[in-house]
Peer 1: 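Quick one: this structure, given as structure tokens, is what I'll be asking you about.
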Amino acid sequence: MMILFSGLRRGGMMKKWQCIICGFIYDEAAGLPESGIAPGTSWNDISDNWVCPDCGAVKEDFEMVEL
Amino acid sequence: MDPLIIIGTGIAGYTLAREFRKLDKETPLVIVTADDGCSYPKPMLSNALTKGKTPEQIAMFDASAMAKALDAEIMTHCLIGQVDTEHQTIHVQGENRSYKQLVFAVGASPVRLPIQGDAANDILSVNDLLDYTRFRDALEGANHVALIGPGLIGCEFANDLLNTGFKVSVIGPDPYPMSTLLPEPIAKELAENLLSKGVTWRLNTVTESINKRAEGYELDLSRGDKITADIVISAVGLRANIKLAQATGLAVNRGIVTDNFLQTSKENIFALGDCAEVSGHNLLFIAPILAAARALAKTLAGDKTKVIYPAMPVAIKTPSYPLVVSPPANSQDGSWSFEKPESGFGIKGLFFSPDNLLLGFVLSGDAVTEKQTLSKQLPAVLS
């Protein structure tokens, strides 16, 4: 019997997002614990009110970077 | 329809352009810049060595990509001859261009100290990607870098160079680094920390002259001290670029004077960023630019909006001794209290008013994790 593993593959699917204004990187694997964002929190799941901790840019000002 | 004309393609000019376009896709947009119009995150210049980034990798979008993304005409390598406020035109590239509104986003330039010697012109200042590219080229084959100015930029560059194996000397008249931003106990810890990473401090010292030698430079400091270095950077402060504004008849002070709608002393002319003095505030950081750009974009699109500056702590890029600063305004009465975080690394510095209101903080080491919580207790900088 084949068991299909349907959980998230960690590591390979974790992405990084860079603030285009100041260069700050949000790493999904690391999260931002001091802001209450647990490691592994995907970019999508971060509130739209969240701003770049270094410069105040909004989520729209971030772009996904190749690892 | 006459265009919105923005002068400058730094973070202020481009962020304003982007925010304006979110609200108004019709009004023509013209952006004039003295440089190549490349868009890049300036804060990245302070830790590019540590992150292994070359100047080419720091550059994000060139002018033609920005022109397309913004639906704007971008005039690169252009200086503005003059602004005619009566007819609402600017004179650029040999012709008069009309504006509906004009925005100065012309930034600031490095202050140059009057240093004597035959190599004074070889001292580099770094305030944009072009300067930074020259700096990186000069670093090839260099071993010892001397930084004149132990302020924010000097310390960030020092940390970046130390991380990547360079010998670094930092020179300045101050008794300790970042003395305008940090209270003494924290400045002293920063000094000790960078010392343990190998920096040579030449504090309480002025650079009198610099001369070429067979290899590199010799700097004459106070009290007969001399040091040699392969490359010398000056990071002693920035001054707003106010010449064109002055020639245009705008009120200027430390920067181009604006009210809290970012409006200058002349109608339909605005200013933001490092060149501006907004209700008395000339703030040389990123977060105020974003707040100003969002408010000004609304005003330019027809919805007159005041800029509000909440507390905007600055994260300083000295990774070996993390720092977040939200210093109290100069005029404030009060006193500092200092505490060590549990781990023992760093200091939590809090500035309280005589009636115990939190007016500012400087956090270092592990204390920086309290930034978000403490920020909420601070008063707005401009409300």
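Protein chains get the first letters and strands the later ones, always in sequence-line order, with residue 1 at the start of each.
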Peer 1: Could you measure the distance from the CD1 atom of A:Ile21 to the CG atom of B:Leu290? Nearest 0.5 Å is fine.
Peer 2: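 Between atom CD1 of A:Ile21 and atom CG of B:Leu290 there are 5.0 Å.
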
Peer 1: Starting at CD of B:Glu19, measure out to CD of A:Glu60 and round the result to the nearest 0.5 Å.
Peer 2: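 One gets 7.5 Å once the value is rounded to the nearest 0.5 Å.
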
Peer 1: Taking all atoms of both residues into account, what is the closest heavy-atom pair of A:Cys22 and B:Pro43, and its distance?
Peer 2: O-CB, 3.6 Å

Peer 1: Check whether B:Tyr14 gets within reach of chain A through its side chain, its backbone, both or neither, counting any heavy atom under 4.5 Å.
Peer 2: neither

Peer 1: Count the heavy atoms belonging to other residues, nucleotides or ligands that lie under 6.0 Å from NZ of B:Lys306, then report whether that count exceeds 12.
Peer 2: no

Peer 1: Can you find a pair of side-chain heavy atoms, one from A:Asp54 and one from B:Lys317, that are under 4.5 Å apart?
Peer 2: no

Peer 1: Does B:Gln372 reach the side chain of A:Leu32, with side-chain heavy atoms less than 4.5 Å apart?
Peer 2: no

Peer 1: Side chains of A:Pro53 and B:Lys371: closer than 4.5 Å at any heavy-atom pair?
Peer 2: yes

Peer 1: More than 12 foreign heavy atoms under 6.0 Å from NZ of B:Lys298: is that the case here?
Peer 2: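 Not buried by this count: 12 neighbours or fewer within 6.0 Å.
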
Peer 1: If you define the side chain from C-beta out and look only at heavy atoms, does anything of B:Lys51 sit under 4.5 Å from A:Ile25?
Peer 2: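 Counting from C-beta outward, B:Lys51 and A:Ile25 never come under 4.5 Å.
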
Peer 1: Examine whether an atom of B:Thr15 lies under 4.5 Å from a heavy atom of chain A, and if so say whether it belongs to the side chain, the backbone or both; otherwise answer neither.
Peer 2: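 Side chain only.
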
Peer 1: Within the 4.5 Å heavy-atom criterion, are B:Glu370 and A:Glu34 side-chain neighbours or not?
Peer 2: no

Peer 1: By a 4.5 Å heavy-atom criterion (distance strictly below it), what part of B:Met44 contacts chain A: side chain, backbone, both, or neither?
Peer 2: both

Peer 1: Would the number of heavy atoms belonging to other residues, nucleotides or ligands and lying under 6.0 Å from NZ of B:Lys68 be above 12?
Peer 2: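 No, the 6.0 Å shell around NZ holds no more than 12 heavy atoms from other groups.
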
Peer 1: Pick whichever of B:Lys42, B:Met312, B:Arg18 has the most heavy-atom pairs under 4.5 Å with chain A.
Peer 2: B:Arg18

Peer 1: Which atoms of A:Val51 come close to chain B, meaning under 4.5 Å heavy atom to heavy atom: side chain ones, backbone ones, both, or neither?
Peer 2: neither

